[in-house]
Structure formats: C-alpha cells, structure tokens
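We count ligands from 1, going down the list as the structure has it; atoms in each ligand are counted the same way.
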Amino acid sequence: MADVPSDAPEHCPGTQSESAGKVSACQGCPNQSICSSGAARGPDPGIELVRKRLESVKHKILVLSGKGGVGKSTFTSLLARGLAAADSDRNVAILDIDICGPSIPRVMGVLGEQVHQSGSGWSPVYVEDNLSVMSIGFLLSSPDDAIIWRGPKKNGMIRQFLSEVDWGALDYLVIDTPPGTSDEHLSAAQYLLNAGLTGAVILTTPHEVALLDVRKEIDFCRKVSIPVLGVVENMAAFVCPKCKTETAIFPANTGGGSKMAMELGVPFLGSLPLDPRLARSCDEGTNFLTDVQDSPTTVAFNKLLKDVVEACEESRSS
Ligand code: ADP
C-alpha cells in the first residue's frame with residue numbers, strides 16, 4: 001500500500017507506487033529523485049512504527065458501518081465513555097479516522113481543542129483522566145473545512161495517526177472509521193492487523209438498505225482477516241418516554257440485524273433503541289450514559305457493553 005511522507009505534495013502518488021517521482025504532482029518535491037529511483041519502494045516502514053507505538057495498547061477495536069448515519073460515531077462515543085466509566089483504572093481512548101467527516105470532537109464535547117506535539121508524539125485531548133481523544137477534526141482550522149484528499153494522502157495521515165499519537169498505556173483504543181470499505185479501511189486494516197487488532201464491531205439499522213451494506217462490510221472483514229466481534233443494531237425501536245409504547249421506526253422487514261448476523265455466522269451484540277435525548281446529547285457533547293440513566297438506550301447499552309468486553313477478552317485469548 002502506498003506511503004506518503006508528511007511533507008508530500010497534495011496529489012503525491014505515494015512512495016510505494018510504481019509512479020512515485022514520475023507524475024506531474026512530483027515536480028518540485030524534495031523527495032522526487034529518491035522516489036523516481038525506486039529506492040523508497042520496499043516494505044512499508046509504517047507497519048513496524050505502528051506496531052511499536054501500539055504495543056502498549058491492550059485492545060484495539062474498529063467500529064465499522066456499511067452506511068453513514070447509522071450511529072457509528074454515537075456508538076464509538078458511548079463505548080469509550082462506558083468502558084472508561086466502568087473502571088477508573090482502565091485507560092480508554094478514541095481515534096477518529098473518519099477523515100471526511102470527523103464528528104468525534106463534537107460528540108465528545110472537545111470541539112475546537114488543539115493538539116500539542118511533544119518529543120514523544122502528538123498528545124491526545126483528555127475528556128476524563130482515563131479517556132482521551134485524537135481526531136483529524138483537531139487539525140482543521142474550522143469544523144466546516146472539507147478534506148479532499150486522494151487515497152495515498154489519506155493513508156499517510158492514518159499511518160501518522162496510528163504511529164505518532166502518544167497514548168501512553170491503554171486498555172482500549174476505539175477507532176471510528178468512515179462508512180463503507182475504502183482506502184482508509186484498507187490502510188487501517190493493514191497497519192492494525194500487524195499490531196494485534198482485537199476485532200471490529202459493525203453498526204447497522206434494521207432496514208434492508210442498511211443491512212445490504214453490512215453484509216459487504218462483513219465480507220470485507222473476512223477477506224482482510226479482521227475478526228468480527230459482533231453486530232450492533234442501532235435505532236431499532238422508539239420507546240415513548242410517556243406511555244412506554246415501543247414503535248419500530250425502521251421496520252425489520254427482512255428480520256433485522258439479529259437474523260442477518262445469524263445467517264452470516266457472526267455474533268449479534270444487541271439492539272439500541274432510538275432516543276431523541278441521545279441525539280441532543282451528541283450535539284451538545286455531553287455524557288448521555290450518566291445524564292440519562294433511565295433511558296431504554298442507556299439500559300440496553302450497559303448490557304451490550306458487557307458483551308463487547310467479553311468478546312474482546314475472547315478474541316485476545318483465541
Ligand atoms: P454515523 O457515524 O454512522 O454517520 P452518527 O453517530 O453521526 O452516525 O449518528 C447520526 C445521527 O443519529 C446523529 O445525529 C446521532 O446523534 C443520531 N443517533 C445515533 N444513534 C441514535 C439513537 N440510538 N437514538 C437517537 N439518535 C441517534
């Protein structure tokens with residue numbers, strides 16, 4: 001996979017590419033002659049850098065979804081907050097590699113924070129003593145900035161994120177990814193599989209259009225050997241806070257996430273109901289799990305959290 005130096009021009013083809021040093025974007029780049037000679041090609045040095053950096057991280061969890069808008073970032077934030085709150089001796093972090101739509105800074109209430117660089121790498125932003133966050137969103141001059149990068153440049157940024165953040169010793173690193181199966185996923189998989197990836201949690205909603213894409217996501221995991229920790233079905237039902245009547249917002253016409261998980265032979269971790277207070281909490285960057293403890297979503301999430309922890313322990317020991 002292509003590797004891009006941090007000082008690369010905008011459309012750098014990557015040092016590992018056959019066209020390295022030979023395309024118009026390379027004109028004027030200080031690395032042009034070494035790239036065109038082919039001397040920079042070889043095993044990606046990033047793989048070893050990522051492995052070394054993540055040696056002190058016990059569990060590395062990818063959060064994946066086939067589609068955007070199914071609640072991947074919301075789940076990532078709940079998972080990290082839930083893991084950190086359950087044990088104050090546990091160190092947890094979120095890495096947001098959703099380069100085109102980094103929403104973690106907002107959801108975690110750290111929008112506009114600055115990342116500092118020290119001799120040992122980039123320092124993540126701390127939400128709690130045992131919960132830190134790193135996101136491309138911290139590096140943008142404004143939250144409305146669009147990031148229009150080609151594949152190799154994105155891969156270079158992901159490698160930097162995985163190899164240059166000074167996390168310290170972590171029990172859990174939860175990685176929020178863009179939807180689908182694109183360059184970012186291939187890069188992350190390549191680096192993380194060599195660094196001992198615990199596995200992936202896959203988010204979906206119950207309707208068939210979302211499930212179709214999840215099947216592709218599971219197929220991708222199998223092809224690149226990412227262990228699937230399980231499927232989570234989000235926004236499965238709405239429980240009226242007044243009369244407690246449960247309504248299926250996205251009807252599971254084809255059996256929903258649990259049937260699909262059974263068919264594909266992957267664990268089903270559970271369903272999270274829709275709660276408008278959760279959407280508000282994400283917009284405001286507050287901690288829904290502690291603020292709205294009686295929500296059916298909080299209750300369902302707390303049960304699901306135990307299953308995720310168990311799945312992680314099982315994956316590590318297998
Ligand atoms: P993704 O990361 O998959 O694109 P988000 O996590 O950004 O999706 O969620 C999309 C929107 O749905 C957000 O506004 C979020 O607050 C909301 N949302 C996600 N899950 C729930 C839920 N269970 N109940 C209510 N709103 C939710």
Could you check whether [X] pairs with [Y] (Lys NZ or Arg NE/NH1/NH2 to Asp/Glu carboxylate O, under 4.0 Å)?
| X | Y | answer |
| --- | --- | --- |
| Lys216 | Asp219 | no |
| Lys58 | Glu313 | yes |
| Glu208 | Arg215 | yes |
| Glu55 | Lys52 | yes |
| Glu263 | Lys259 | yes |
| Asp213 | Lys67 | yes |

Which ligand 1 atoms, with their elements, are less than 4.0 angstrom from a heavy-atom of [X]?
| X | result |
| --- | --- |
| Cys282 | 16 (O) |
| Gly69 | 1 (P), 3 (O), 4 (O), 8 (O), 10 (C) |
| Gly68 | 4 (O) |

May I ask which of [options] has a heavy atom nearer to [atom] than the others do?
| atom | options | value |
| --- | --- | --- |
| atom 17 (C) of ligand 1 | Pro178, Pro276, Ala279 | Ala279 |
| atom 25 (C) of ligand 1 | Asp275, Leu64, Val70, Val107 | Asp275 |
| atom 18 (N) of ligand 1 | Ile104, Leu272, Thr74, Thr76 | Thr74 |

Has ligand 1 got any nitrogen or oxygen that is less than 3.5 angstrom from a nitrogen or oxygen of [X]?
| X | value |
| --- | --- |
| Lys72 | yes |
| Asp283 | no |
| Asn234 | yes |

Sidechain-backbone polar pair: Ser65 side chain, Lys72 backbone, donor-acceptor under 3.5 Å: no
Within the distance-only criterion (no hydrogens, no angle test), does the side chain of Asp171 pair as donor or acceptor with the backbone N or O of Asn91 below 3.5 angstrom?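 Between the backbone of Asn91 and the side chain of Asp171 there is a qualifying donor-acceptor contact (under 3.5 Å).
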Once you round to the nearest 0.5 Å, how far does CD1 of Ile136 lie from CD1 of Ile104?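 If we round to the nearest 0.5 Å, Ile136:CD1 and Ile104:CD1 are 14.0 Å apart.
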Closest non-hydrogen protein atom to [atom], residue and atom name please, with distance?
| atom | value |
| --- | --- |
| atom 2 (O) of ligand 1 | Ser73 N, 2.8 Å |
| atom 22 (C) of ligand 1 | Leu278 CD2, 3.5 Å |
| atom 12 (O) of ligand 1 | Met235 CE, 4.0 Å |
| atom 8 (O) of ligand 1 | Gly71 N, 3.1 Å |

Under 4.0 Å from ligand 1, counting heavy atoms only, is it the side chain of Leu203, its backbone, both or neither? neither
With heavy atoms only and a cut-off of under 4.0 Å, state how Pro273 meets ligand 1: side chain, backbone, both or neither.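 For Pro273, only backbone atoms sit under 4.0 Å from ligand 1.
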For ligand 1, is there an atom lying under 4.0 Å from some heavy atom of Ser281?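 For ligand 1, residue contact (heavy atoms, under 4.0 Å) with Ser281 is absent.
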For atom 6 (O) of ligand 1, is the nearest protein heavy atom under 4.0 Å away? yes
Would you confirm whether the ring centroid of Phe138 sits within less than 6.0 angstrom of the ring centroid of Trp122?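 No.
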Which pair of heavy atoms, one from Asp275 and one from Phe288, lies closest together, and at what distance?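 Asp275 and Phe288 have their closest heavy atoms at OD2-CZ, 3.9 Å.
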